Protein chains: 2
Amino acid sequence: MSVQERKERERAERERLIVATARELAEQQGWDAVTTRRLAERIEYSQPVLYSHFRGKREIIGAVALQGAAELAVAVRAATSAADGPRARVAALARAYLDFAEHNPAVYDAIFQLDGGLAYAQEDTPAPLKDAFAALMESLAEVAGNGIDPGLFTELFWASLHGLATLTRTGRLLPEYAEPRVELLVDRLCMV
Amino acid sequence: MSVQERKERERAERERLIVATARELAEQQGWDAVTTRRLAERIEYSQPVLYSHFRGKREIIGAVALQGAAELAVAVRAATSAADGPRARVAALARAYLDFAEHNPAVYDAIFQLDGGLAYAQEDTPAPLKDAFAALMESLAEVAGNGIDPGLFTELFWASLHGLATLTRTGRLLPEYAEPRVELLVDRLCMV
DNA sequence: CTCGATTGTCTAGCAGTGCTAGGATTCGAA
DNA sequence: TTCGAATCCTAGCACTGCTAGACAATCGAG
């Protein structure tokens, strides 16, 4: 029994190692550099071991995405809970979201850009993804305005943030406008 | 002389064929299916011929992107010029933009998602990209509001559209909210 | 008309990718 | 100590983007 438990523990530990290494490698050199060979070498196992934990590379990306979504939710809640008043809360939310995207580009891509084989906006959507959306909605609901569905408003606000995050990172927006863009977004979209 | 001209014409024609075929293949089966082998086979030449026209696959994507940007600009201008009043113009712009993204997903990706080796938001940004941005700004400038830089406002509005376009297409937003999202975006962001 | 030189194109191949079949090895249970 | 099962790795497949070098067609000069 104890032996089997130890093996399961080691297996789980190795799985965490795979995800952490994939994430690390992706943040360091981009997802293109995360090949099964390199990943296997870094965890000091052979390639096929990866496939005993995940169906394929896509599932590894998905695992990083779930981890990242949980962290994003934490970051958003931490930022909003430290702010006073609806306007400040939403501004803090926006900055926290964009900061997360800026400082964890690979993870952000795993969540929102790449195909990790995850379901979105459905019943079988994994809990971390639902929760990340919920974290946004908690602070956004109070500024949605009369007669506007909080879910609808959150989707729109989120989409705007997502657009800013991705276009900024690929150098498609002027860097000097970064802050005014956030200010304008919050001022216009939110009914304070 | 005439012989050389004919050759150059044929060469240019073949280059158009490459770009058109790449685009077609990408729209049919996604960019992943656009391999140099498949592309070469479709144009009935060998692989190395591609490299006598483009430095690599990335440049082919870039060529599709430029073509697409020009079409996007046309679509946006056509939609806005057919609408009366600032509010209607911006709504038409938003719908035209999102329609383009929906009906030309591969081209949209080439422009805004994939790496086509193009420069953005710089002096050496290719004309079609600058012009597409200009097409947006033409209608958006009049609703930016007092004291708000039109460029800044356009960047924000564009980012929101981009977020909506990408998140919608990857199934991350509820389809039934599609229209209300656009309405809300236009109502809130624009100073009518 | 002939003959080099210059284009143009293709065949074949490189190093890399995700993924897997099947053999070798290790290790716990008897 | 031996056996069987679980574990892991070697080797390989079919594919990717890209390129060197052989080959053939074409052209201009004599």
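Numbers restart at 1 for each chain; the letters A, B, ... are given by sequence-line order, proteins then strands. On a predicted model such as this, the values are computed, not experimentally measured, just so you know.
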Atom OH of Tyr45(A) and atom P of dT10(D): how far apart are they, to the nearest Å? 14 Å
What distance separates Leu50(B) CG from Glu15(B) CD, expressed to the nearest 0.5 Å? 10.5 Å
Taking OH from Tyr51(A) and C1' from dG18(C), how many angstroms apart are they, rounded to a whole number? 5 Å
Side-chain N,O (Arg37(A)) to OP1/OP2 (dT17(C)) below 4.0 Å: yes
Taking NE2 from His53(B) and P from dG17(D), how many angstroms apart are they, rounded to a whole number? 17 Å
Compare side-chain N and O positions of Thr36(B) against OP1 and OP2 of dG17(D) and report whether any pair is under 4.0 Å apart. yes
Quick one: is dT17(C) close enough that its OP1 or OP2 comes under 4.0 Å of any side-chain N or O from Arg38(A)? yes
Is it the case that the ring center of Trp158(B) lies less than 6.0 angstrom away from the ring center of Phe153(B)? no
Roughly, in whole Å, what's the span from NZ in Lys57(A) to P in dC19(C)? 8 Å
Salt bridge (Lys or Arg N to Asp or Glu O under 4.0 Å) evaluation trace for Glu13(B) with Arg16(B): CA-CA 5 Å; Glu13(B) 177 54 34; Arg16(B) 273 192 296 274; 2.8 Å; yes
Send over the distance from Leu50(A) CG to dC9(D) P, rounded to a whole Å. 10 Å
Interatomic distance where CD belongs to Glu41(B) and C1' belongs to dT16(D) [whole Å]: 15 Å
Is the number of heavy atoms from other residues, nucleotides or ligands under 6.0 Å of Gln28(A) CD greater than 12? yes
With a 4.0 Å cut-off on heavy atoms, is Arg14(B) in touch with a base, just the backbone sugar-phosphate, or nothing at all? sugar-phosphate
Whole angstrom value for the distance that separates P of dG28(C) from CD of Glu10(A): 10 Å
Tell me if the side-chain of Gln47(A) makes a donor-acceptor pair with the base of dC9(D), cut-off 3.5 Å, by modelled atom types. no
Tell me which of Thr35(A) and Arg55(A) sits closer to the 5' end of DNA chain C, going by the nucleotide each one is nearest to. Thr35(A)
Round to a whole Å and report the spacing from CD of Glu44(A) to C1' of dC9(D). 15 Å
Grouping I, L, V, M, F, W and Y whenever their side-chain heavy atoms are under 4.5 Å apart, do Ile18(A) and Tyr45(A) come out in a common cluster? yes
